[in-house]
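Quick note: residue numbers are just sequence positions, from 1.
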Amino acid sequence: MGSKKKLWQGFVFFLAAMLVMTYVSRMVYVSRMPRVKWNNPTSASIRNRITAEGTVEAVNAQAVIGLDGLLVEKVCVAAGDRMETGTVLYEVNREDLLAQLSELRAQEEAWQKQEQAKRREAATNTTRAQEDYDTNVIELDRKIAEETKKLEELMEDLDTHMFRIPEEDASDEIWIAWADERLRFDRDIAEKKRMIEDIQLEKEKRLREADRELEDARRAQSAAESGLELGASGVSQVRQRQERIALLTELSESGGKVTAACAGDVLEVMMQSGTRMGQDAVLRYADDAGSRIFRTVISQEQKGMVHTGDMVQLTFPGSAEETSETIDSIVQENGSYTVTIRLEPGVGAGRTEGVMELDATSEIYDFVIPIKALHNDGGNAIYVLEEKEGILGTELCVRSMTVRLLDKNEDYAAIADELLSGDMKIVTDCDQELQNGDVVKEWE
């Protein structure tokens, strides 16, 4: 009887021990399970912030043209410098400047003296031509008057002779002598008339010649006074010399310093100290009144979120200036895309770099999950929480599911797959590394 009692006690003890061991093993089994949190995919859009660094470039940059032939003493600015109105850009050698100015002034003085001599000579020729004209008029008018007077005297003598007709009974010799005298008067009168006509013709001829000479003299005087006899090229040379004298004089008065006419940014300097300038530009700059463009490059992935006409925010490193601008163009170049933004006049003055920021909102996707729910096993994949029969009966396990990534940002991802549904439980957090098929428990 006692042995049976001990046997039952031992059996009960064994069952209790087995129960305790089972409980403990289950507790250990459960305690080792990865803990997970999950969410159902939602329908939403993805918001992305795109940031891209770029450059600020001047549109229609201005040029400073060199003072041809002058020696550069000192270059005072460099590319990238900021210039204000009155900033000294460069200095020329003063000795060289004064030597050229002295030579030009000597040439101008000699030319002025020559022109004055020409004008005096032309004026003298005009005076002489006028005097010749007047002398001819007086002389010929005097001759005509003298011959006319003689003609009148002959006419009077003829009238007197006609009143002295011989008596009818005068001898033939008297009538013949009277008739001969009459013929002489007629011949003298006709000769005198022809002489007066010849003098008139001579007068017209000589006055025409004198008038031409006077007109030529006046024309030459006018040309001398206006400088027309120099011709187009000569006038141009004189004007260029006079303009250069004025320029060099002004430059000499400023100490040989060439200053900026307006505020802006120096883009390029094409001169060196110790060299002579040519007729080309020696400096390029962008003035503050001009416009500028901002250029940056975005990737092919970003291109889908950036469009022509989008409003972006621009900032400039080292400056508190901010501006909202519109994208003007997006051009594909070598696998990437160049974004161009035309800035308003005055925006970005003095800046060579900028940063573009754009908030882009996508279309509404059917399945959006937290970005942390993605894991990689050769592609974009998620863990889906499912139920299965196991040691503890109905257990939770994870199944790896490869999906297509449509869009993402720092927090969320849009995915697609034919097997996706809105009631799927997608693992978002886990306290251990998961493997496909792992049994898990919910993270309370």
**Message:** Tell me whether Thr428 contacts the main-chain N or O of Lys37 through its side chain, where contact means a donor paired with an acceptor under 3.5 Å.
**Reply:** yes

**Asked** How would you list, by chain and number, every residue that makes a salt bridge (Lys or Arg N to Asp or Glu O under 4.0 Å) with Lys425, sequence neighbours excluded?
**Response** none

**Request:** Without swapping roles, check the side chain of Asp431 against the backbone of Pro34 for a donor-acceptor pair under 3.5 Å.
**Result:** no

**Prompt:** Within a strict 4.5 Å, meaning less than it, do heavy atoms of the Lys74 and Tyr90 side chains meet?
**Reply:** no

**Prompt:** Which residues satisfy the side chain to side chain contact (heavy atoms under 4.5 Å, CB included) test with Gln302, sequence neighbours excluded?
**Reply:** Ile50, Ile298, Ser299

**Complete:** side chain to side chain donor-acceptor pair (under 3.5 Å) filter on Glu57, not counting sequence neighbours, yields Thr55, Arg295

Would you give me the side-chain donor-acceptor pairs under 3.5 Å for residues 278-286, sequence neighbours excluded?
{"from": "Gln279", "atom 1": "NE2", "to": "Asp68", "atom 2": "OD2", "distance (Å)": "3.4"}
{"from": "Arg284", "atom 1": "NH1", "to": "Glu268", "atom 2": "OE1", "distance (Å)": "3.3"}

**Complete:** Residue set satisfying side chain to side chain donor-acceptor pair (under 3.5 Å) with Asp423, at least two apart, ordered chain then number -> Ser421

**Item:** Cationic N near anionic O, under 4.0 Å, Lys113 to Glu109
**Value:** yes

**Request:** Begin from the C-alpha positions of Glu322 and Thr315 and carry the test side chain to side chain donor-acceptor pair (under 3.5 Å) through to its verdict.
**Result:** CA-CA 5 Å; Glu322 294 185 8; Thr315 57; over 6 Å; no

**Message:** Applying side chain to side chain contact (heavy atoms under 4.5 Å, CB included), can you list everything that pairs with Tyr412, at least two apart in sequence or on another chain?
**Reply:** Ile46, Val368, Asn409

**Item:** side chain to side chain contact (heavy atoms under 4.5 Å, CB included) partners of Glu95, counting only residues at least two apart
**Value:** Asn93

**Asked** Taking Thr296 for the side chain and Glu53 for the main chain, is one N or O donor matched with an acceptor at less than 3.5 Å?
**Response** yes

**Message:** Show me the pairs that pass salt bridge (charged side-chain N to carboxylate O under 4.0 Å, His left out) and involve residues 248-262, at least two apart or across chains.
**Reply:** none

**Prompt:** Do the side chain of Asp141 and the main chain of Ile138 share a donor and acceptor less than 3.5 angstrom apart?
**Reply:** no

**Request:** Check side chain to side chain donor-acceptor pair (under 3.5 Å) between Arg342 and all other residues, then give those that pass, not counting sequence neighbours.
**Result:** none

**Asked** Which pair of heavy atoms, one from Met305 and one from Ala360, lies closest together, and at what distance?
**Response** O-CB, 3.4 Å

**Request:** Verify, without hydrogens or angle tests, whether Arg276 (side chain) and Gly69 (backbone) share a donor-acceptor contact under 3.5 angstrom.
**Result:** yes

**Message:** Can you pull out every salt bridge (charged side-chain N to carboxylate O under 4.0 Å, His left out) where at least one residue sits in residues 355-364? Sequence neighbours excluded, please.
**Reply:** Arg47-Asp359, Arg49-Glu357, Arg49-Asp359

**Fill in**
Across all chains, not counting sequence neighbours, the side chain to side chain donor-acceptor pair (under 3.5 Å) partners of Thr338 are Glu333

**Asked** Does any N or O in the side chain of Ser254 come within less than 3.5 Å of the main-chain N or O of Leu251, such that one atom is a donor and the other an acceptor?
**Response** yes

**Ile371, CD1: over 12 other non-hydrogen atoms inside 6.0 angstrom** = yes

**Request:** Apply the test side chain to side chain donor-acceptor pair (under 3.5 Å) to residues Gln100 and Arg244: give CA-CA distance (whole Å), side-chain angles for both, the deciding distance (0.1 Å), then the verdict.
**Result:** CA-CA 10 Å; Gln100 291 195 31; Arg244 187 167 178 83; 3.2 Å; yes

**Asked** Hey, are the side chains of Ile369 and Ile382 touching, using non-hydrogen atoms and a 4.5 Å cut-off?
**Response** yes

**Item:** Passing option when Met83 is tested against Asp287, Leu89, Val88 for side-chain contact (heavy atoms from CB on, under 4.5 Å)
**Value:** Leu89

**Prompt:** Partners of Leu405 by side chain to side chain contact (heavy atoms under 4.5 Å, CB included), sequence neighbours excluded?
**Reply:** Leu374, Asn380, Lys408, Ala413, Ile415

**Asked** Cut-off 3.5 Å, side chains only: do Arg105 and Thr249 have a donor facing an acceptor?
**Response** yes

